[in-house]
Amino acid sequence: MTDAAASSAPSLARLTVLAGPTAVGKGTVVTELRRRHPDLFVSISATTRRPRPGEVDGVHYYFVSDEDFDSLVATDQMLEWALVHGAHRYGTPRGPVQDELDVGRPALLEIDVAGARQVRRAMPESRLVFLAPPSWEELVRRLAGRGTEDSEEQKRRLATARTELDAVGEFDHVVINDTVASATAELERLMGLGS
Ligand code: 5GP
């Protein structure tokens with residue numbers, strides 16, 4: 001999208017996609033953004049992976065069976081979907097996002113790079129934001145530090161992360177997740193939310 005097209009679009013009603021490599025801190029930045037803007041619509045994804053301890057169906061994700069996921073895709077109810085880390089499928093239910101945009105409110109998706117590409121094709125006016133780590137070493141440190149994946153899973157996620165970092169040029173904006181506060185403020189600015 002050109003700058004002219006971007007600036008003529010109704011900026012508050014645009015769809016913003018936040019993507020970036022594993023463990024870069026997308027979830028933390030989105031949590032902080034929601035704290036600052038409790039009314040902001042953030043899409044709840046459907047996934048075939050099992051809930052982790054503390055995760056609640058309908059809050060963190062819609063946890064669905066393989067069959068249910070197949071049927072959501074077959075009936076065109078997914079705006080995008082992807083097999084993430086070669087393990088489980090994740091997708092954005094189209095209806096709630098469209099409803100929000102139709103009434104002129106902004107919407108935010110936190111998804112992987114493959115999903116972001118699909119959103120770009122389906123909704124070329126969307127704003128694609130890449131959340132990048134300050135450095136590769138820092139990304140490795142964050143993944144190990146969060147302790148939710150065993151070492152095999154960490155290896156798999158870092159392999160995905162390398163290819164995801166290569167996609168940075170496809171995005172409209174890059175936000176470096178140096179500190180949660182600064183990355184959130186930058187995302188607020190890009191979305192026209194004000195602080
Ligand atoms: P986790 O299993 O750690 O919750 O998420 C793994 C990855 O799935 C994250 O990188 C996240 O961005 C991605 N993801 C979550 N929801 C969606 C979605 O709806 N679509 C796509 N394409 N990726 C998603």
Side-chain angles (χ1 to χ4, degrees), residues 15-34 41-66 68-73 75-98 100-101 107-123 126-133 139-140 142-168 170-171 174-175 177 180 183 187:
L15 177 62
T16 299
V17 177
L18 184 69
T22 186
V24 72
K26 295 183 296 257
T28 314
V29 169
V30 170
T31 300
E32 175 59 12
L33 194 68
R34 292 180 91 150
F41 174 86
V42 182
S43 167
I44 301 170
S45 299
T47 181
T48 58
R49 91 151 156 73
R50 300 295 100 207
R52 296 187 186 124
E55 285 184 334
V56 178
D57 185 45
V59 176
H60 298 94
Y61 284 104
Y62 296 109
F63 295 100
V64 301
S65 65
D66 273 312
D68 288 345
F69 201 99
D70 286 343
S71 130
L72 288 166
V73 172
T75 53
D76 201 27
Q77 291 184 68
M78 288 301 202
L79 172 59
E80 60 73 37
W81 69 271
L83 180 71
V84 179
H85 305 303
H88 300 289
R89 289 181 291 170
Y90 297 76
T92 304
R94 186 193 300 278
V97 175
Q98 196 58 59
E100 206 66 14
L101 296 174
L108 178 67
L109 308 185
E110 187 243 288
I111 60 177
D112 82 332
V113 167
R117 289 192 180 113
Q118 293 171 51
V119 174
R120 161 114 309 159
R121 281 197 294 276
M123 295 184 174
S126 56
R127 176 193 290 116
L128 263 54
V129 181
F130 191 91
L131 192 65
L139 188 69
V140 174
R142 286 181 191 178
L143 182 62
R146 86 181 172 181
T148 44
E149 289 85 16
D150 62 28
S151 72
E152 270 311 302
E153 180 63 19
Q154 285 182 25
K155 257 190 228 152
R156 199 165 36 237
R157 288 185 174 225
L158 283 173
T160 309
R162 277 215 181 272
T163 61
E164 287 182 328
L165 282 172
D166 290 342
V168 64
E170 299 172 38
F171 283 70
V174 180
V175 171
N177 192 13
V180 175
L187 190 56

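All ligand and atom numbering here is 1-based and tracks the order in the structure. Only a predicted model underlies this, so the values are computations on that prediction, with no experimental measurement involved.
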* May I ask you to test the Pro96-Ile44 pair for a side-chain heavy-atom distance under 4.5 Å? =>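 With C-beta onward as the side chain, the pair stays apart.
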How far is [atom] from its nearest protein heavy atom, and which residue and atom name does that atom have?
| atom | answer |
| --- | --- |
| atom 10 (O) of ligand 1 | Lys26 NZ, 3.1 Å |
| atom 11 (C) of ligand 1 | Glu110 OE2, 3.7 Å |
| atom 23 (N) of ligand 1 | Asp112 N, 3.1 Å |
| atom 16 (N) of ligand 1 | Ser45 OG, 3.0 Å |
| atom 3 (O) of ligand 1 | Arg52 NH2, 3.0 Å |
| atom 2 (O) of ligand 1 | Tyr90 OH, 2.4 Å |
| atom 5 (O) of ligand 1 | Tyr61 OH, 3.3 Å |
| atom 20 (N) of ligand 1 | Glu80 OE2, 2.8 Å |

* **Residue pair Thr16 / Arg127, side-chain donor-acceptor N/O under 3.5 Å** =>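 Their side chains do contain a donor-acceptor pair, which is all the 3.5 Å distance test asks for.
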* Should the pair Arg156-Glu152 be classified as a salt bridge under the 4.0 Å nitrogen-to-oxygen rule? ->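 Not counted as a salt bridge, because no side-chain N and carboxylate O are separated by less than 4.0 Å.
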* **NZ/NE/NH1/NH2 to OD/OE distance under 4.0 Å, Arg49 and Glu55** =>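 Salt bridge flag = yes for Glu55 with Arg49.
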* Partners meeting side-chain contact (heavy atoms from CB on, under 4.5 Å) with Leu72 (sequence neighbours left out) ->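 Listed in chain order: Ala46, Gln77, Met78.
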Could you list which atoms of ligand 1 come closer than 4.0 Å to a heavy atom of [X]?
| X | value |
| --- | --- |
| Thr92 | 19 (O) |
| Ala82 | 22 (N) |
| Gly115 | 22 (N) |

Are the side chain of [X] and the backbone N or O of [Y] linked by a donor-acceptor pair below 3.5 Å?
| X | Y | result |
| --- | --- | --- |
| Arg89 | Ala87 | no |
| Lys26 | Leu131 | no |
| Glu110 | Leu18 | no |

* How far does CH2 of Trp81 sit from OG1 of Thr92, to the nearest 0.5 angstrom? ->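 So the gap between those two atoms works out to 12.5 Å.
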* To the nearest 0.5 Å, tell me how far Thr22 OG1 sits from Arg142 CZ. =>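 Reported to 0.5 Å precision, the distance equals 12.0 Å.
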* Could you tell me whether some N/O pair between Gly91 and ligand 1 is separated by less than 3.5 angstrom? =>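 Yes - when backbone and side-chain N and O of Gly91 are compared with those of ligand 1, one distance drops under 3.5 Å.
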* With only distance considered, is Trp81 within less than 3.5 Å of ligand 1 through an N or O on each side? ->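 So ligand 1 has no N or O lying under 3.5 Å from an N or O of Trp81.
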* Asked: Side chain, backbone, both or neither: which part of Arg117 comes within less than 4.0 Å of ligand 1 when only heavy atoms are counted?
  ->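 Arg117 to ligand 1: no contact under 4.0 Å from either part.
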* To do: Quick one: look at Arg49 and ligand 1, take heavy-atom pairs under 4.0 Å, and tell me if it's side chain, backbone, both or neither.
  =>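 It is the side chain that gets close, since no backbone atom is under 4.0 Å.
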* **ring-ring contact (aromatic ring centres under 6.0 Å, His included) partners for Phe63, two or more places apart** =>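 Once residues adjacent in sequence are excluded, the partners of Phe63 under the ring-ring contact (aromatic ring centres under 6.0 Å, His included) criterion are Tyr61.
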* Asked: Is the shortest distance from a heavy atom of Val84 to ligand 1 less than 4.0 Å?
  ->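 Checking ligand 1 against Val84, which is what was asked, there is a heavy-atom contact under 4.0 Å.
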* Asked: Applying a strict 4.0 Å limit to heavy atoms, is Met78 in contact with ligand 1?
  ->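 Per 4.0 Å heavy-atom rule, Met78 does not contact ligand 1.
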